[in-house]
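Below is one structure, written out as structure tokens; the observations come after it.
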Amino acid sequence: MPEGIEIEIYRQAGEAGLHRTIERIEADDEWFLKDGTTAEALHEALIGEQFSAARRIGKLMIYDVTSGARLGLRYGMTGRLIVDESAAIGYLEYSSQRDDPAWDRFVVHFADGGALRIRDPRRLGGVALDPNESALGADAFTVTLGQLRDRVFVGTVPLKARLLDQARIAGIGNLIADETLWRAGIDPARAANSLEAKDEKRFLTHLRAVLADFMRDGGSHTGRLQPARTRGGQCPKDGEELLRREIGGRTTFSCPRHQR
DNA sequence: CTCGACTCCTGTTAGC
DNA sequence: TGCTAACAGGAGTCGA
């Protein structure tokens, strides 16, 4: 599913939409418009304007608009960005492998004939004008050890749940969390504030490596743990049968032998 | 402020 | 073969 990795890939692809005049939009799915955003307001903010920058914080993609507005795009777990009919990502874990134009929930048509569309089968994504960027924690790609200590490694909540809290660190989804904790050898159920200093540093080292690997390999489904994330799956490191639990409301796989 | 439980969405898949 | 129920997880809401 789209995590920070996929959104960054979408953002890069979305740069093809910069500096092109917006002629028309399709925003007919009211469910997909969030935070009180209306089709009328989108028209007002976008028609005749251009995108001047494509940014990303965590899983939120933001287009700056020449009108002064900002356009926030969220992809839920099955949304894709398609620019000029070419999809930024060909494969999404847990999404349909079919490709149906009926799943277009929001479309921007440029005057040059091209288009930018969010194709989202399950409609878990959304579009909002002027999203609240300050509600998000530091982005996972650039987070520092100090920021982790201030906002993530605190409290007695399970660490896995903390990592999924976008207000504390933005961009980590279920697969990045499981892969990072698995590589770092940390039990996802451990209290967020229970790590020793060397564990905290090791976590950040592995987080950076996971993000780099996932970017290089093309998605958050490319982890070494991923093939074993199934009932009865075995740890790729030591062969132990993986634990399957629900932590932070998400299915969590971990190795009972080397994750402590 | 914190935190767990609940809800929403719908295509796919496991199981009968 | 055809149906149903479970499942996936990002994100918002609500109540304690």
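Order of the sequence lines fixes the chain letters, A, B, ..., with proteins taken first and strands second; residue numbering starts at 1 for each chain.
Distance, A:K34 NZ to C:dT13 C1': 13 Å, rounded to whole Å. Counting to the nearest Å, the C1' atom of C:dG12 and the CG atom of A:L33 are 16 Å from each other. Atom CZ in A:R74 sits roughly 14 Å away from atom C1' in C:dG9 (whole-Å rounding). Rounded to whole Å, the distance from CD on A:E246 to P on C:dA8 is 9 Å. Between the C1' atom of C:dA8 and the CD atom of A:Q226 lies a distance of 12 Å, rounded to the nearest Å. Look at CG on A:L60: it is 9 Å from P on C:dA11, rounded to the nearest Å. A straight line from CG of A:D120 to C1' of C:dG10 spans 11 Å, rounded to a whole angstrom. Distance A:R245 CZ to C:dC7 P: 18 Å, rounded to the nearest Å.
The phosphate of B:dC9 has neither OP1 nor OP2 within less than 4.0 Å of any side-chain N or O from A:T78. Residue A:R244 has a polar side-chain atom (N or O) positioned under 4.0 Å from OP1 or OP2 of C:dA8. Of the side-chain N and O atoms in A:W103, one or more sit less than 4.0 angstrom from OP1 or OP2 of B:dG11. In terms of phosphate contacts, A:R123 brings a side-chain nitrogen or oxygen within less than 4.0 Å of OP1 or OP2 of B:dT10.
A salt bridge is defined here as a Lys NZ or Arg NE, NH1 or NH2 lying under 4.0 Å from an Asp or Glu carboxylate O, and A:R117 with A:D84 fails to meet this definition. Ion pair A:D100/A:R119 not flagged as a salt bridge, since none of the NZ, NE, NH1 or NH2 atoms sits closer than 4.0 Å to an Asp/Glu carboxylate oxygen. The pair A:R70-A:D64 fails the salt-bridge criterion, with no side-chain N (NZ, NE, NH1 or NH2) lying under 4.0 Å from an Asp/Glu carboxylate O. The pair A:D199-A:R202 counts as a salt bridge, with a side-chain nitrogen and a carboxylate oxygen less than 4.0 angstrom apart. The existence of a salt bridge linking A:R260 and A:D187 is excluded, since no basic side-chain nitrogen approaches an acidic carboxylate oxygen closer than 4.0 Å.
Checking B:dC8, C:dC7, B:dG11 against every side-chain atom of A:R122, the shortest atom distance belongs to B:dG11.
Taken residue by residue, residues 155-170 of chain A places heavy atoms nearer than 4.0 Å to DNA chain C at A:Q166.
Contacts of A:K59 with the nucleic acid, taken as non-hydrogen atoms under 4.0 Å apart, involve only primed sugar atoms and P, OP1 or OP2. A:R151 comes within contact range of no nucleotide atom at all, as no heavy-atom separation falls under 4.0 Å.
Below 30°, between 30° and 60°, or above 60°: for A:F51 and A:Y63 the angle between ring planes is below 30°, a parallel geometry.
Relative to the ring axis of A:F253, A:R229 does not place its NZ or CZ within 45° and under 6.0 Å from the centre.
Residue A:V154 is the one, among A:V154 and A:R250, whose nearest nucleotide of DNA chain B lies closer to the 5' end (criterion: closest heavy atom).
The distance from the CD atom of A:E179 to the OG atom of A:S220 is 10.0 Å, given to the nearest 0.5 Å.
Between the axis at the start and the axis at the end of the helix from B:dT2-C:dA16 to B:dC16-C:dG2 there is an angle of 40°, using five pairs per end and rounding to 10 degrees.
A:R105 pairs with exactly one of A:D29, A:L33, A:V127 by the side chain to side chain contact (heavy atoms under 4.5 Å, CB included) rule, that one being A:D29.
In the hydrophobic clustering of this structure, A:I62 does not group with A:L42; members are Ile, Leu, Val, Met, Phe, Trp, Tyr whose side-chain heavy atoms approach within less than 4.5 Å, directly or through other members.
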